[in-house]
Enquirer: 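Before anything else, here's the structure in question.
Note that the structure is predicted; figures quoted are calculated from it, not measured. One-based numbering, in listed order, for ligands and for the atoms of each.
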Amino acid sequence: MSHSFIVRVPATSANIGPGFDVVGLSLSLYLTLSVTVNPPAPGDPPHPPRLLYTGEGADEVPLDPYKNLTTRVALYVLRCHGIARFPANLSIHAANEIPFGRGLGSSGAAVIAGVLLADAVCTLNLSRERMLDFALMVERHPDNVTAALVGGFVGSYLRELDHKAEEAASVPLSEVLPEYPPDAGEDWGMDPPHPPHGIGHYVRFGWSESIKAVAIIPRFELSTAKAREVLPLSYSRKDLVFNLQRLAVLTTALGQSPPDPDLIYEAMKDKIHQPYRKTLIPGLPEVTSSITPSTHPGLLGICLSGAGPTILALATGGFEAIAEDARAIFKRQGIEVDWKSDPLATPPKSYRNARGETHSSCRYQSAGRADNWQVDSEEDVTAVAVQIDGQVHRCGGCRRAFCLHPADLRRVEADGLAIVKRKLVLRPRRAF
Ligand SMILES: Nc1ncnc2c1ncn2[C@@H]1O[C@H](COP(=O)(O)OP(=O)(O)O)[C@@H](O)[C@H]1O
Ligand SMILES: N[C@@H](CCOP(=O)(O)O)C(=O)O
């Protein structure tokens, strides 16, 4: 019988000003993998994984599963579990809404999608923590991958490892994800470096429902690696204290209702990365200094998103004026931008399963096991199976239904997807 499931991973905005390499916020733009494993037809040899890619990055992303970031990460996770290859007759359609190299966590999402793909396709039953270990072997700052995996506004740190574990976690990326030569045989790249256990630790902060995000996205790419090269190796105590003071205030201030613009605007300033990146992003200092809560009512704070060049504004209103004025500043520098606000907004609701693990909200909630969900909110959850392109999709874990929060259910309905099975489950206590 054929088996299909969907993995859905959100974009993220890292740093939020002072939280360099520490905080991340998931956003409502997604990388979605529709995955099908078909049994081989009698007499047909099993075919290798087929990758189809649409949306952002489609013209540049490799479709060879041994070269594509998501499938290479999946293969790395499988090989750490002694599984040499993907299941036969695997087809993956990646539909991507996250632009590459803009500071919206496209690579973090691709890495998390690879870990979730491996987990679902070979039923590895990895815990959230173990998934994070694998992701952190590839993307070594935890801010994006953690927010992409668990959803919401999160802070994370990397545990201090003992010498042996430190060595294991510091192997060059080329050994974790080796480039596959064209003649790579089945055993090639086997026995990769395994991640130490418990590398990353995180906490989710509160988020005021009235705060929305506006992303102002310049039409040029800036690789995160390049934007990290311009950063110094050491900082003055004054600059470190400047950031620490603001970060401590920011993580609580963004959860308060109503949010306080004066407190948040100042708390989103930074002296650790943005001043050094302004050479790569003409217009950055003008945008962050001239768009303020007094010039733009509704604005709470404004910063570089991740390594840039996207600008992230947090606001309760006045989205268009913020974005259009930022556009005018960039235009004077000869840079065109696109901007998105609602539904690029509140972090998705998250769900907790019986083991207390939280999952980022997926439209079809399939990025993990859907068994025995405990729901964070008091709202009802509906279990559905949906039909996409004539195929019925169910949860990657229990394969019986997706568990949808009402907002996600409305989105499924708005997308016009055929819901082939539906059951209302009020705060489920056991698998259905
Ligand atoms: N969905 C994807 N599938 C495969 N590779 C991807 C995907 N998303 C991003 N990448 C890779 O990651 C690169 C961008 O990563 P990076 O420079 O860290 O920028 P950012 O994460 O801010 O978008 C892309 O150029 C591409 O090589
Ligand atoms: N903390 C990192 C975050 C990079 O995020 P990305 O979305 O640009 O990949 C940094 O600032 O370098």
Enquirer: Under 4.0 Å from a heavy atom of Gly101: which atoms of ligand 1 are those, numbered in the order shown and with their elements?
Expert: 14 (C), 19 (O), 20 (P), 23 (O)
Enquirer: Given 3.5 Å as the limit, does a donor-acceptor pair link the side chain of Arg79 with the main chain of Pro192, or not?
Expert: no
Enquirer: So, are Arg277 and Asp270 salt-bridged, with charged N and O less than 4.0 Å apart?
Expert: no
Enquirer: Around atom 5 (N) of ligand 1, find the nearest protein heavy atom and jot down its residue, atom name and distance.
Expert: Leu69 CB, 3.6 Å
Enquirer: What residue and atom, counting heavy atoms only, is the protein's closest point to atom 8 (N) of ligand 1, and at what distance?
Expert: Phe100 CE1, 3.1 Å
Enquirer: Check for a donor-acceptor pair, side chain of Arg159 on one end and backbone N or O of Gly200 on the other, with a separation under 3.5 Å.
Expert: no
Enquirer: Going by distance alone, is a donor N or O of one side chain under 3.5 Å from an acceptor N or O of the other, for Ser156 and His201?
Expert: no
Enquirer: Should we say atom CD of Glu320 is surrounded by more than 12 heavy atoms from elsewhere, each under 6.0 Å from it?
Expert: no
Enquirer: Counting only heavy atoms, tell me which of Thr224, Leu31, Asn144, Thr71 gets closest to atom 18 (O) of ligand 1.
Expert: Thr224
Enquirer: Does Thr310 offer a backbone N or O that forms a donor-acceptor pair with the side chain of Ser305 under 3.5 Å?
Expert: no
Enquirer: So for Gly306, does at least one of its heavy atoms come nearer than 4.0 angstrom to any atom of ligand 1?
Expert: no
Enquirer: Out of Pro309, Ser107, Ala14, Ala225, who gets a non-hydrogen atom closest to atom 12 (O) of ligand 1?
Expert: Ser107
Enquirer: Tell me, which protein residue and heavy-atom name are nearest atom 1 (N) of ligand 1, and how many Å apart are they?
Expert: Tyr53 OH, 3.0 Å
Enquirer: For the pair Arg102 (side chain) and Pro218 (backbone), establish whether a donor and an acceptor sit closer than 3.5 Å, ignoring hydrogens and angles.
Expert: yes
Enquirer: Distance to 0.1 Å, residue and atom name: give those for the protein heavy atom nearest to atom 4 (C) of ligand 1.
Expert: Val61 CG2, 3.3 Å
Enquirer: Just to be sure I read this right, does ligand 1 sit under 4.0 Å from the backbone of Ser223, its side chain, both, or neither, counting only heavy atoms?
Expert: both
Enquirer: So do Ile217 and Trp339 actually touch side chain to side chain, heavy atoms under 4.5 Å?
Expert: no
Enquirer: At what distance is the nearest protein heavy atom to atom 14 (C) of ligand 1, and which residue and atom is it?
Expert: Ser106 OG, 3.6 Å
Enquirer: I'd like to check which ligand 1 atoms, numbered from 1 as shown, lie under 4.0 Å from a non-hydrogen atom of Arg102.
Expert: 22 (O), 23 (O)
Enquirer: Hey, could you give me the CG/CG distance between Leu149 and Leu116, rounded to the nearest 0.5 Å?
Expert: 6.0 Å
Enquirer: With a cut-off of 6.0 Å (strictly less than), are more than 12 heavy atoms of other residues, nucleotides or ligands near CD of Glu160?
Expert: no
Enquirer: What residue and atom, counting heavy atoms only, is the protein's closest point to atom 22 (O) of ligand 1, and at what distance?
Expert: Gly103 N, 3.1 Å
Enquirer: Would you say the side-chain atoms of Asp133 and His197 include a donor-acceptor pair closer than 3.5 Å?
Expert: no
Enquirer: List by chain and number: which residues place a heavy atom under 4.0 Å from ligand 2?
Expert: Ala14, Asn15, Phe20, Asp21, Gly103, Leu104, Gly105, His141, Asp143, Asn144, Thr224, Arg228, Arg277, Gly306, Ala307
Enquirer: Report yes or no: does a heavy atom of Gly57 sit under 4.0 Å from some atom of ligand 1?
Expert: no
Enquirer: Please check atom 20 (P) of ligand 1 for a protein heavy-atom neighbour under 4.0 Å.
Expert: yes
Enquirer: Do you know which of Ser208, Pro259, Pro261 makes side chain to side chain contact (heavy atoms under 4.5 Å, CB included) with Thr316?
Expert: Pro259
Enquirer: Is a side-chain donor or acceptor of Ser223 paired with a backbone partner of Lys226 at a separation under 3.5 angstrom?
Expert: yes
